[in-house]
Amino acid sequence: MMRIAHLSDLHFGTHLPRLADALSEEIHRMQPALVALSGDLTQRARPQEFAAAADFIRMLPAPVLVVPGNHDLPGWRPLRRFIHPWRDWRRHLSSELEPCIAGQQFIAIGVNTARRWGLHPDWSRGRINADQLAHVARLASGADPSSVRILVAHHPFLLSTAMRRRGLVGGAKRALSGLQPARIDLILGGHLHQSYAGIAGGIVVAQAGTAISSRHKGEPNAFNRIEVSPHRMQIDAMQWNSTGFVVARRRFFERSGLDWRASQVRAADR
Ligand SMILES: [Fe+2]
Ligand SMILES: [Fe+2]
């Protein structure tokens, strides 16, 4: 089994410093094999917000995989949004927008679903395109057959019942069928500031709430603690209860042939 700390929507600029410290301590206690940050690191893509996010990431145990969200685009400076949209991201956080980390037991592939503009009125919605799918498939096919294959993207590939009026990432349906041959096991996302997990296209999708920001959408601050092997998975939504992060919900999944499915009990307990 490997352990993943899945954080999302930190939104530096609206963050709560006490929670940032508590979260960093909690993650050090967890000793994860991977820390995945699924976008919206800032509130308004200001340089000082990126600098604060970078300071926070430096406190975390490595390796850390980070992808951008729609809030990491400079929405309030149109010229910069269209001409140099990722200048401050690259300056403060990473030269990569779509990093890939291959560990002993896993491969984690980042995809940037944030877009400068779109044909629909809601530019915050995001998209995954055919080139990105091919990129993921190429990297995943080169991974060790026993590796857990993880995709990290900001926008959701699965909506909960409570979130059914919100949009999926553009291209989600085509992406899910395209990702099956790549044998992706787990997709990590955020954007909706709600924690839930389920199955889409035979793949486990875990959504994380906002880890440390004041931008609550009806849920306390939260992150996901995930234990995963090639055949079973446990996803704990860890919610802030004003003194610490505690398990609010626990979900189990198991592999059945090529597909994953929800399980009532941990496979190891049978
Ligand atoms: Fe967000
Ligand atoms: Fe977002």
Do F253 and W260 have ring centroids that are under 6.0 Å from one another? no
Can you confirm whether or not the ring centre of H11 sits under 6.0 Å from the ring centre of H193? yes
Could you report the tightest heavy-atom contact between [X] and [Y], atom names first, then the distance?
X: R261; Y: S256; value: NH1-OG, 3.6 Å
X: R18; Y: T243; value: NH2-CA, 4.1 Å
X: S8; Y: A208; value: CB-CB, 3.9 Å
X: P74; Y: R80; value: CG-CG, 3.7 Å

Within the supplied structure, the quantity of interest is the number of heavy atoms (other residues, nucleotides, ligands) at a distance under 6.0 Å from K217 NZ; does it exceed 12? yes
How long is the span from the NE2 atom in H92 to the CG atom in D72, to the nearest 0.5 Å? 12.0 Å
Begin from the C-alpha positions of E219 and S195 and carry the test side chain to side chain contact (heavy atoms under 4.5 Å, CB included) through to its verdict. CA-CA 8 Å; E219 179 183 294; S195 306; 2.6 Å; yes
Closer than 4.0 angstrom, basic N to acidic O: yes or no for [X] and [Y]?
X: R251; Y: D236; value: no
X: R90; Y: D88; value: no
X: E227; Y: R3; value: yes
X: E49; Y: R44; value: no

Would you say that F106 contacts I101 through its side chain, given a criterion of any heavy-atom pair below 4.5 Å between the two side chains? yes
State whether a side-chain donor-acceptor pair under 3.5 Å links H191 with D9. no
Test item: R81 side-chain N/O and R116 main-chain N/O as donor-acceptor pair under 3.5 Å: yes
Under the 3.5 angstrom rule, does the side chain of Q132 hit a backbone N or O of N112 as a donor-acceptor pair? yes
Testing L65, I57, L7 for side chain to side chain contact (heavy atoms under 4.5 Å, CB included) with V35, which one passes? L7
Side chain to side chain contact (heavy atoms under 4.5 Å, CB included) assessment of V111 paired with V67: CA-CA 7 Å; V111 171; V67 296; 5.9 Å; no
Going through the distances and angles, do D40 and T42 end up as a side chain to side chain donor-acceptor pair (under 3.5 Å)? CA-CA 5 Å; D40 277 1; T42 67; over 6 Å; no
Ring-plane angle category for F12 and H15, please: parallel below 30°, perpendicular beyond 60°, tilted otherwise. tilted
